[in-house]
Amino acid sequence: MPTERLKVEIAAHTYFYYLFLKNKVKQEREQIQSECEKLRHFVSEEEQRLLQRLEEEERETLWSLEANVAQLSRQSSSLRTLISEIEKSRQTPAELLKEHLPGRAGLSDDGGYVPLRSKDVKLEEAKAVSTELKTPCSVPGMMEMLRKFRGDVTLDPDTAHPKLVLSEDRKCVRLGDTRQDLPDTPERFDPCPCVLGSEGITGGRRYWEVEVGDKTEWYVGVCRESVRRKGDVTLSPGHGYWVVWLEDGGHKPCTSPWTPLPVRVRPRRVGVFLDYEGGEVSFYNVTDRSHLFTFTDTFSGTLRPFFSPGLNAGGTNAAPLTLCSVPAQP
């Protein structure tokens, strides 16, 4: 009988544990649904706000353009009238243009004709209308959403070019002046001054940020673990690299052909978001919370974070690239 009682007690405990677990899953499900609903609501509101700002900016720009067209049309009409008067006059054009008589073309008080004079034609320079849009292609809460997928990225010293100097915590990399005596392994980049992140990524979503500061040259992105590391390296998706870089004052994605990015505020910190299954590598300007560029591709195998601090350029670009600690979402 004790055995039967034990079985009953075990069954009772199992049943109560089942109810407890089921209730806990229900609560977690409701919490997730609630948070996602808040997120959808927030994104929808931000979308409407930004689209409204963009529409208002469009109207203002078109209004300025139309005002310029109207002004130029008026000036064109006045010039045509003046040219007609010059052609009808017996005076030379120089004599006519030097005259400064009052009145405008039309009828005078006594019914006589008053010719249009050059001083009556006021040529005003049309105001320049910028076609650059001020509304940022960004959602203020986007950084917080991305940071949910933050990963602790460190640098892999076994892949670093011999002239690259890594900090002790493997969070900073800069280009040194001399080559270090390091083994020439197949994993090591040479002669390109590059280094990979330690973690291989085979799925999921990852987000990390890199401090680029005032550097005049840098390369940040993602690459296949199987990329070529010796000799010339071609930074393009076709060769397994999805990289954005700064050189000669311009920000560019490593595509073919290279296309300058319309960067409004120079980034001091760059965010990289990898969606493996979604086939996207996106880059963000953390400084003004704007989107820079997104590569779309199909990924397979292992991917690694990719970094290069660029050449020192006589000491003007000697500052390091620094992997930042990404704050958790509040």
Side-chain angles (χ1 to χ4, degrees), residues 38-61 64 128-151 153 171-172 205-222 242-255 258-275 278 280-296 305-310 316-317 319-330:
K38 291 178 184 177
L39 190 59
R40 283 191 292 268
H41 181 67
F42 170 77
V43 172
S44 177
E45 285 186 339
E46 287 299 319
E47 177 187 16
Q48 293 304 315
R49 186 180 66 83
L50 290 174
L51 289 176
Q52 183 177 355
R53 283 179 54 187
L54 187 62
E55 185 176 343
E56 292 172 355
E57 189 175 352
E58 179 188 24
R59 285 199 298 267
E60 292 174 0
T61 303
S64 298
V129 179
S130 174
T131 57
E132 288 293 327
L133 298 175
K134 299 176 183 178
T135 301
C137 179
S138 65
V139 177
M142 183 60 72
M143 297 283 79
E144 283 68 31
M145 288 186 278
L146 293 175
R147 284 168 174 168
K148 291 173 68 74
F149 305 101
R150 67 191 187 281
V153 178
K171 290 288 188 178
C172 297
R205 296 168 178 170
R206 298 289 190 282
Y207 176 77
W208 60 93
E209 294 179 359
V210 186
E211 187 78 27
V212 298
D214 295 322
K215 289 180 65 62
T216 56
E217 181 182 349
W218 48 260
Y219 303 77
V220 172
V222 174
W242 298 270
V243 174
V244 164
W245 59 296
L246 168 67
E247 190 176 272
D248 299 328
H251 299 79
K252 307 176 184 70
C254 291
T255 56
W258 289 331
T259 304
L261 297 177
V263 176
R264 299 180 182 86
V265 176
R266 179 170 177 168
R268 296 182 59 84
R269 182 181 291 198
V270 176
V272 184
F273 177 63
L274 169 63
D275 184 350
E280 290 186 346
V281 182
S282 298
F283 297 83
Y284 296 88
N285 181 351
V286 181
T287 304
D288 68 348
R289 296 173 173 254
S290 64
H291 172 258
L292 291 174
F293 189 77
T294 293
F295 289 98
T296 302
F306 174 89
F307 311 92
S308 175
T316 59
N317 191 48
L321 288 180
T322 303
L323 287 166
C324 306
S325 176
V326 180
Q329 181 191 19

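Nothing fancy with the numbering, it's 1 onward along the sequence.
Looking at heavy atoms from C-beta onward, Val272 lies in side-chain contact with Val220 at the 4.5 angstrom threshold. For the pair His251 and Pro267, the minimum side-chain heavy-atom distance is below 4.5 Å.
Note that CD of Glu217 is 9.5 Å distant from OG1 of Thr316, once rounded to the nearest 0.5 Å. Distance check, rounded to the nearest 0.5 Å: CG of Asn285 to CZ of Phe293 gives 15.5 Å. Rounding to the nearest 0.5 Å places NZ of Lys148 at 9.5 Å from CZ of Arg150. Atom CG of Asn317 and atom OG1 of Thr216 lie 3.5 Å apart (nearest 0.5 Å). Rounding to the nearest 0.5 Å places CZ of Arg266 at 6.0 Å from CG of Asp214.
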Checklist entry - Which is it for Arg206 and Phe149 under the side chain to side chain contact (heavy atoms under 4.5 Å, CB included) test, yes or no, and what are the steps along the way? => result CA-CA 5 Å; Arg206 298 289 190 282; Phe149 305 101; 5.9 Å; no
Next on the checklist: Would Ser308 and Trp218 count as a side chain to side chain contact (heavy atoms under 4.5 Å, CB included) here? Give the steps.
Outcome noted: CA-CA 6 Å; Ser308 175; Trp218 48 260; over 6 Å; no
Next on the checklist: Let's go through Arg264 and Ser290 carefully: what are the C-alpha distance in whole Å and the side-chain angles of both, what is the deciding distance for side chain to side chain contact (heavy atoms under 4.5 Å, CB included) to 0.1 Å, and is it a yes or a no?
Outcome noted: CA-CA 9 Å; Arg264 299 180 182 86; Ser290 64; 5.6 Å; no
Checklist entry - Given Phe307 and Leu323, is the side chain to side chain contact (heavy atoms under 4.5 Å, CB included) satisfied, shown in steps? => result CA-CA 10 Å; Phe307 311 92; Leu323 287 166; 3.5 Å; yes
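Across all non-hydrogen atoms, the minimal contact from Val263 to Leu292 is CG2-CD2, 3.9 Å. Of all heavy-atom pairs between Thr294 and Ser282, the closest is OG1-OG, 2.8 Å. Phe295 and Pro253 make their closest contact through CZ-CB, 3.9 Å (heavy atoms, listed as atom of the first residue, atom of the second, distance). In terms of heavy-atom proximity, Gly221 sits nearest to Trp208 at O-CZ2, 3.9 Å.
Judged as a side chain to side chain contact (heavy atoms under 4.5 Å, CB included), and not counting sequence neighbours, the contacts of Glu55 are Arg59.
At distances below 3.5 Å, at least one donor-acceptor pair connects side-chain atoms of Lys171 with backbone N or O atoms of Val153. For Lys215 (side chain) and Pro320 (main-chain N/O), no donor-acceptor pair under 3.5 Å exists by modelled atom type.
For the salt bridge (charged side-chain N to carboxylate O under 4.0 Å, His left out) test with Glu209, the passing option among Arg147, Arg289, Arg268 is Arg147; the others fail. Residue Tyr219 forms a side-chain contact (heavy atoms from CB on, under 4.5 Å) with just one option from Val244, Val243, Leu321, Leu246, and that option is Val243.
Below 30°, between 30° and 60°, or above 60°: for Tyr284 and His291 the angle between ring planes is above 60°, a perpendicular geometry. Relative orientation of the Tyr207 and Phe273 rings is tilted, given thresholds of 30° and 60° on the angle between their planes.
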